[in-house]
Trainee: 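Following this message is one structure expressed as structure tokens.
Side chains are part of it too, since the values below use all heavy atoms of this structure and drop only hydrogens, waters and symmetry mates. Lettering follows sequence order; numbering is per chain, from 1.
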There are 2 protein chains.
Amino acid sequence: MPASERLGSHIKDAEHALTATKHAVLKPAGLTVPQYAALLQLAENPGIPAAALARACRVTAPTMNTILNNLQQRGLITRTPHPWHRNVLETRLTELGTQVMAEADEGAVRVERGLAAEFTDEERAQLISLLARCSAYLESVRPD
Amino acid sequence: MPASERLGSHIKDAEHALTATKHAVLKPAGLTVPQYAALLQLAENPGIPAAALARACRVTAPTMNTILNNLQQRGLITRTPHPWHRNVLETRLTELGTQVMAEADEGAVRVERGLAAEFTDEERAQLISLLARCSAYLESVRPD
DNA sequence: GAACATTAATTAGAGCTCTAATCCCCTGTC
DNA sequence: GACAGGGGATTAGAGCTCTAATTAATGTTC
């Protein structure tokens, strides 16, 4: 079965192009793509625990831990113990983090708007629907 | 701009589901997804240099070097100097590598066939076309 | 109250990924 | 022959990603 016949190849190609372009766009802000994803969730959900952040970004907790350590070293976030649940750390953007996030978001949103503008409303809905069916099927057949 | 409105999120979701399912399917053969991709190209192009292999798998040369080192340590491939161009290494599957590849390919192809079967011919063509337009746009706007 | 399960956080270890830099060989051109 | 350029291979270093295991706090069940 040649690679060009595999739907997976086309999905991977598009994701690869997406990540490469996002990476290039985020470079001026000094953020990686996963770092930007984490900051975006943090901006919308201040104080969210790292475990919930990991789920929102579709990565595992140790992965998010790695990303947050790098963000913390750069002073973009703070992690403080939750007053009630002492087991939980509240993660928040610093002032610097908010600034860097805003700068990065500008470029990222520009890419997303440009990409969306390549399609009609109907085409966009079709693409989202077809991709959702891919995800649903792939998850349904996953061993475990 | 919420994440659910971003086409990129849906592309990433599908790719994530694809990789996770492929990872699970390849586990019995003891191969990672990138290792399988490299072996698939090697099976179709015996003796291909690592640099060309990297291009075929859409990774950089150092990345492919990492993957090939792991495959070589497991005895699945050999890398021998090219008789004419002593600078080039010919990469080939070993007998064991061919066996492991065949075992892994069975599962991977089953996933691809099942995924393809979720769609009509027209839907499949639409999905491929829409994804290609995403890739083309994203590459066209990438800073460099 | 004691045993159990759940969830958060972290560490260890393997593997993938990139950019930047280096080294080497071959092939042009002069 | 000298020398520059292109392409293949490799190393160094940073970062992301996973699974597996550990530790701690919360909550449930008896």
Trainee: Assess whether a salt bridge exists between Glu118(B) and Arg124(B), defined as any Lys/Arg side-chain N lying under 4.0 Å from an Asp/Glu carboxylate O.
Mentor: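 No.
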Trainee: Going by number, which of residues 43-57 of chain A have a non-hydrogen atom under 4.0 Å from DNA chain D?
Mentor: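 Output list: empty, so none.
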Trainee: Take atom NZ of Lys22(B) and atom P of dC18(D), then tell me their distance rounded to the nearest Å.
Mentor: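 So the NZ-P distance, Lys22(B) to dC18(D), works out to 17 Å.
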Trainee: For Leu68(A) and Leu53(A), what are the C-alpha separation, side-chain angles and deciding distance, and is it a side chain to side chain contact (heavy atoms under 4.5 Å, CB included)?
Mentor: CA-CA 10 Å; Leu68(A) 292 180; Leu53(A) 192 53; 3.9 Å; yes
Trainee: Which residue is it: Leu31(A), Leu96(A), Asn69(A), Thr94(A)? I am looking for the one with a side chain to side chain contact (heavy atoms under 4.5 Å, CB included) to Arg74(A).
Mentor: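 Exactly one candidate clears the test, Leu31(A).
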Trainee: Could you state the CG-C1' distance from Leu89(B) to dC24(C), rounded to the nearest angstrom?
Mentor: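 About 12 Å, once rounded to whole Å.
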Trainee: Side-chain contact test, heavy atoms from C-beta onward, threshold under 4.5 Å: evaluate it for Cys57(A) versus Gln41(A) and give yes or no.
Mentor: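 In short, these two side chains touch, coming nearer than 4.5 Å.
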Trainee: Is it true that Arg113(B) and Asp105(B) have a side-chain N and a carboxylate O under 4.0 angstrom from each other?
Mentor: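 Between Asp105(B) and Arg113(B) there is no salt bridge, as every charged N stays at least 4.0 Å from the carboxylate O atoms.
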Trainee: Looking only at heavy atoms, which two atoms of Ala29(B) and Val100(B) are closest? And how far apart?
Mentor: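 That would be O-CG1, 3.8 Å.
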Trainee: Listed in order of residue number, which residues of residues 59-77 of chain A have a non-hydrogen atom at under 4.0 Å from DNA chain D?
Mentor: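 Heavy-atom cutoff 4.0 Å gives Val59(A), Thr60(A), Pro62(A), Thr63(A), Thr66(A), Ile67(A), Asn70(A).
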Trainee: Once you round it to whole Å, what is the distance between C1' of dC16(D) and CD of Glu15(B)?
Mentor: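 Distance, rounded to whole Å: 13 Å.
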Trainee: Specify the separation, in whole Å, of atom NZ of Lys27(A) and atom C1' of dC18(C).
Mentor: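 Atom-to-atom, Lys27(A) to dC18(C), this comes out as 10 Å.
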Trainee: Is the shortest side-chain N/O distance from Arg58(A) to OP1 or OP2 of dC18(D) below 4.0 Å?
Mentor: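 The answer is no; no side-chain N or O of Arg58(A) sits under 4.0 Å from OP1 or OP2.
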Trainee: Is the number of heavy atoms from other residues, nucleotides or ligands within 6.0 Å of CD (Glu106(A)) greater than 12?
Mentor: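 At most 12 heavy atoms, drawn from other residues, nucleotides or ligands, come within 6.0 Å of this atom.
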Trainee: Ion pair present between Arg110(A) and Glu112(A), side-chain N to carboxylate O less than 4.0 angstrom?
Mentor: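 Salt bridge between Arg110(A) and Glu112(A), a charged N being under 4.0 Å from a carboxylate O: no.
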Trainee: To the nearest Å, give me how far apart NZ (Lys12(B)) and C1' (dT17(D)) are.
Mentor: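 Atom-to-atom, Lys12(B) to dT17(D), this comes out as 11 Å.
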